[in-house]
Amino acid sequence: MNDNTKIVTALLAGLVAGAAAGLLLAPKKGSETRDELNTSVKKLTKALKESSAEQTEHLREFKEKALAALKTKLSKAAKRVEQDADEPASV
């Protein structure tokens with residue numbers, strides 16, 4: 001997990017904890033409090049899913065770049081090996 005993901009996750013967790021504490025301590029009927037708490041949890045779930053999707057896409061892009069770089073390096077190495085094999089051995 002990178003630093004941005006940790007920060008977003010901590011921020012969202014703090015937001016939910018604060019909202020939950022505020023709702024639980026507010027002078028409202030229990031059903032209203034539960035409804036608001038349920039809404040907050042749904043918002044958090046949606047935000048976490050979106051963040052997860054973004055991080056998955058970042059990882060996918062990183063993987064593609066890493067594979068492309070590796071293929072390029074392997075191709076260059078293979079060409080060097082072929083060139084070395086074609087050169088006569090000096091004694």
inquiry  = Quick check against the 3.5 Å criterion: does Ser75 have a side-chain atom that pairs as donor or acceptor with the backbone of Lys71?
reply    = no
query = side-chain contact (heavy atoms from CB on, under 4.5 Å) with Thr39: which of Lys42, Glu36, Lys43?
reply = Lys43
ask   = So if you build clusters from Ile, Leu, Val, Met, Phe, Trp, Tyr with side-chain heavy-atom gaps below 4.5 Å, do Leu37 and Leu44 land together?
value = no
query = Between the side chain of Thr45 and the main-chain N/O of Val41, is any donor-acceptor distance below 3.5 Å?
reply = yes
message = Return the NZ to CD distance between Lys79 and Glu82, rounded to the nearest 0.5 Å.
response = 8.5 Å
task = Return the minimal non-hydrogen interatomic distance between Val8 and Ser51, and the atom names on each side.
result = CG1-OG, 4.2 Å
Reported CG-to-OG distance for the pair Asn38 and Ser31, which is rounded to 0.5 angstrom = 12.5 Å
key: Point-to-point distance, once rounded to the nearest 0.5 Å, from CD of Gln55 to OG1 of Thr9   = 8.0 Å
remark   = Connected to Leu11, directly or through other members, by ILVMFWY side-chain contacts below 4.5 Å are none
remark   = In short, Ala47 meets Leu12 closest at the heavy-atom pair CB-CD1, 3.8 Å
query = How would you list, by chain and number, every residue that makes a salt bridge (charged side-chain N to carboxylate O under 4.0 Å, His left out) with Glu57, sequence neighbours excluded?
reply = Arg60
